[in-house]
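One structure is given below, encoded as structure tokens.
Remember, it's a predicted structure, so these values are computed and weren't measured experimentally.
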Amino acid sequence: MEGNESMELNLPVLSSNWPDRKTGYDFVIVGSGYGGSIMAARLASAALPRKPSVCILERGQEWPVGSFPDTFAGFLGNARAANPLGLYDVIAGKDISILKGNGLGGTSLINANVAIIPEEGAFRQAGWPDSVNRQTLMPYYRKAAGVLRPKTFPAGKPLLKRLALEKRAQELGMQTELLDIVVTFEDTADNGCGISQPACTLCGDCITGCNVGSKNTLYMNYLRLAHANGAQIFTQTEVTWLEPKAGGGWLVHGVYRASRDQSEPFTLEAENVILSAGSINSTEILLRSAAHGLPVSLKVGTGFSGNGDFFGITYDGPAYLQVLGFGTHPDSPGAAFPPGPTITAALRYDRDPQVTNHYLVEDVSFPSALMRGGQLAFPMMLGKDFGGDLAGKLERALLDLSQASPYAQHGALNHSLVYLVTAFDNAQGQIELKTSICDPEGKPDVVWHGAGSEPLFATINDGLREHARALSSRFIENPPWAALGLKGLMTAHPLGGCPIGEGPGSGAVNEFGEVFANDGSLLKGLSVTDGALVPSALGVNPLLTISALAERIAEHRISELARG
């Protein structure tokens with residue numbers, strides 16, 4: 001780990017030593033993202049006649065506040081492709097690439113904090129049962145918000161990047177809106193989970209890991225509740241497949257990694273298994289289990305969505321935009337011009353009565369760990385073909401790198417802005433296990449021919465180009481979409497793979513995440529509770545919806561346990 005130890009908060013470590021595990025548990029929860037952390041916290045703290053034993057298995061490592069990478073070398077060294085315990089998990093695919101977190105707290109450690117509720121129309125898309133909609137989820141949105149504590153960025157602290165977003169809004173006769181984000185803006189003695197949190201320093205490093213402790217990650221709330229109520233948490237434990245146990249219950253097979261280069265297989269027993277490893281990995285575990293004979297629904301692996309995610313970059317315009325992070329370095333030149341949290345505001349495009357044509361454009365700060373990479377990469381991306389005048393582009397990149405400081409007001413990066421768009425794709429991706437001679441068990445791969453060719457993405461790309469024109473900036477198209485005309489996509493919000501359905505013919509799980517067998521029955525004691533069960537794009541950042549679904553499922557499961 002790399003970071004600034006002097007800034008670490010005095011927080012108890014949550015993970016237990018691997019030798020202290022039991023042979024079996026009432027509940028084994030695989031993954032510590034929003035679904036897993038909420039299920040663990042609610043099950044461990046439930047007032048039940050018999051307290052269940054709860055165990056969380058997280059394949060990544062624990063990242064104490066203050067230990068997150070804040071240099072480009074640190075970022076590269078913690079890419080999971082090279083380091084199985086790395087924080088940044090990038091799955092490169094031909095049709096769509098995926099960015100997600102790998103650590104205790106899941107993607108909450110590196111997301112952009114946005115916690116908003118989708119429009120009602122999002123739940124009218126194919127796949128959603130009538131019993132799961134905005135109205136039925138509203139009590140659970142409120143329950144999750146009570147723990148995650150989303151707030152808008154203080155309106156009295158205007159940021160230049162929001163003013164840049166408003167330039168285009170004014171041309172359209174619209175207004176930007178401040179978004180609810182799970183960030184603490186005032187020193188807080190008790191966040192409701194027994195933890196004190198300092199106010200956000202506006203450092204801009206949210207998406208590489210908050211070294212201040214003001215970001216309301218799962219590590220700061222639900223995981224604290226789970227641990228305080230007796231749940232055991234084991235990190236560096238990757239579950240690979242599940243097997244029904246003779247007489248009932250489950251055998252959980254996996255690999256424990258004592259270090260990035262040292263591992264050993266393990267098997268745990270569980271009465272109940274809750275898969276909360278995320279859209280890709282919960283699906284991967286079920287597919288691999290099916291290869292070992294588990295009779296799951298044929299819908300496992302279907303309905304993958306990138307949540308309509310799309311990116312664009314306005315590059316090196318005349319306006320100084322104050323977008324560069326500085327982390328925990330108060331002596332940094334960037335500290336004099338703090339960029340603020342990664343995302344604070346959005347422009348909502350509602351150009352059509354069909355909700356699936358709506359999209360949201362959000363402003364994005366640039367974290368300190370990625371500045372050098374951006375300085376080199378952005379000039380090389382100018383132009384649709386990523387070619388043409390390569391020498392000139394390289395010269396511009398090297399010129400920017402040669403600046404005494406990336407924070408120089410005349411530097412290209414501080415005159416650039418990344419836009420994240422969330423929208424509605426068709427959720428027709430298919431997760432498959434890609435096997436090879438070297439890897440007969442296979443790795444997950446998303447097959448989604450023509451994903452980026454949906455007309456909406458061309459509309460969004462044109463809209464982002466107009467944002468660049470409003471700032472008199474050059475425009476860099478979404479890199480995987482523009483490169484060689486391949487129309488590839490990239491998402492930070494993978495959804496689906498184990499979609500909700502009324503039965504095994506329409507879904508992999510029911511509305512409470514219980515897994516269908518291929519004969520229509522339920523696989524007793526096996527469920528999915530994370531973004532994998534979301535059957536469509538949501539059109540907004542999904543963390544609050546995944547949390548609400550998890551709160552609803554937890555309530556249902558606890559009611560079942562109380563009835564015996």
Side-chain angles (χ1 to χ4, degrees), residues 24-31 35-36 38-40 43 52-57 127 129 131-132 238-254 267-304 430-433 441-442 444 496-535 549-550 552-561 563-564:
Y25 294 85
D26 293 319
F27 287 89
V28 168
I29 298 173
V30 182
I38 289 172
M39 291 298 294
L43 287 168
S53 56
V54 178
C55 163
I56 297 175
L57 301 179
S131 56
V132 184
E238 181 174 2
V239 172
T240 52
W241 65 287
L242 309 172
E243 179 183 10
K245 182 184 171 188
W250 296 88
L251 297 177
V252 180
H253 302 288
T267 299
L268 286 181
E269 298 180 5
E271 287 300 308
N272 302 274
V273 176
I274 299 172
L275 293 177
S276 301
S279 172
I280 297 295
N281 300 113
S282 288
T283 306
E284 173 191 9
I285 292 167
L286 283 182
L287 289 173
R288 191 171 289 116
S289 301
H292 283 274
L294 189 66
V296 300
S297 160
L298 293 177
K299 291 297 182 180
V300 171
T302 67
F304 178 85
Q430 176 91 26
I431 302 174
E432 300 177 352
L433 287 182
E441 292 289 308
C498 302
I500 292 173
E502 301 287 355
S506 61
V509 302
N510 68 12
E511 64 179 286
F512 296 111
E514 297 165 306
V515 178
F516 290 121
N518 56 17
D519 65 359
S521 63
L522 294 173
L523 293 170
K524 182 176 172 57
L526 179 60
S527 61
V528 176
T529 309
D530 59 19
L533 53 77
V534 177
L549 288 166
R552 181 174 183 265
I553 291 170
E555 181 182 272
H556 172 78
R557 194 57 188 271
I558 290 166
S559 295
E560 286 188 329
L561 292 171
R563 291 194 300 268

[X] versus [Y]: any side-chain heavy-atom pair under 4.5 Å?
X: Phe516; Y: Leu522; answer: yes
X: Leu286; Y: Val528; answer: yes
X: Val30; Y: Asn281; answer: no

Roughly how far apart are [X] [atom1] and [Y] [atom2], rounded to 0.5 Å?
X: Gln430; Y: Thr283; atom1: CD; atom2: OG1; value: 10.0 Å
X: Asn272; Y: Lys524; atom1: CG; atom2: NZ; value: 7.5 Å
X: Ile285; Y: Leu275; atom1: CD1; atom2: CG; value: 5.0 Å
X: Asp530; Y: Ile29; atom1: CG; atom2: CD1; value: 11.5 Å
X: Trp241; Y: Leu287; atom1: CH2; atom2: CG; value: 14.5 Å

Check whether any side-chain N or O of [X] sits under 3.5 Å from a backbone N or O of [Y] as a donor-acceptor pair, and report yes or no.
X: Ser53; Y: Asp26; value: yes
X: Thr240; Y: His253; value: yes
X: Ser282; Y: Ala277; value: yes
X: Trp250; Y: Leu268; value: no
X: Ser276; Y: Thr529; value: yes

### Task
May I have the step-by-step check of side-chain contact (heavy atoms from CB on, under 4.5 Å) for Tyr25 and Val252, ending in yes or no?
CA-CA 11 Å; Tyr25 294 85; Val252 180; over 6 Å; no

Minimum heavy-atom separation for [X] to [Y], with atom names?
X: Ser527; Y: Arg557; answer: OG-NH1, 4.4 Å
X: Ser289; Y: Leu242; answer: OG-N, 2.8 Å
X: Ile431; Y: Gly496; answer: CD1-O, 4.3 Å
X: Val296; Y: Ala290; answer: CG2-CB, 3.8 Å

### Ile553/Ile274 under side-chain contact (heavy atoms from CB on, under 4.5 Å): CA gap, chis, key distance, verdict
CA-CA 11 Å; Ile553 291 170; Ile274 299 172; over 6 Å; no

### Task
Kindly write out the residues that satisfy salt bridge (Lys or Arg N to Asp or Glu O under 4.0 Å) with Glu432, not counting sequence neighbours, or none if the list is empty.
none

### Message
If only side-chain N and O atoms count, and only distance matters, is there a donor-acceptor pair under 3.5 Å linking Glu243 with His292?
### Response
no

Kindly list each side-chain donor-acceptor pair under 3.5 angstrom involving residues 499-515, sequence neighbours excluded, with atom names and distances?
from	atom 1	to	atom 2	distance (Å)
Ser506	OG	Glu502	N	3.0
Ser506	OG	Gly503	N	3.3
Ser506	OG	Gly503	O	3.3
Asn510	OD1	Phe512	N	2.9
Asn510	OD1	Gly513	N	3.2
Asn510	OD1	Glu514	N	3.0
Asn510	ND2	Glu514	OE1	2.7
Glu511	OE1	Ser131	OG	3.0
Glu511	OE1	Arg552	NH1	3.2
Glu511	OE1	Arg552	NH2	2.5
Glu511	OE2	Ser131	OG	3.0

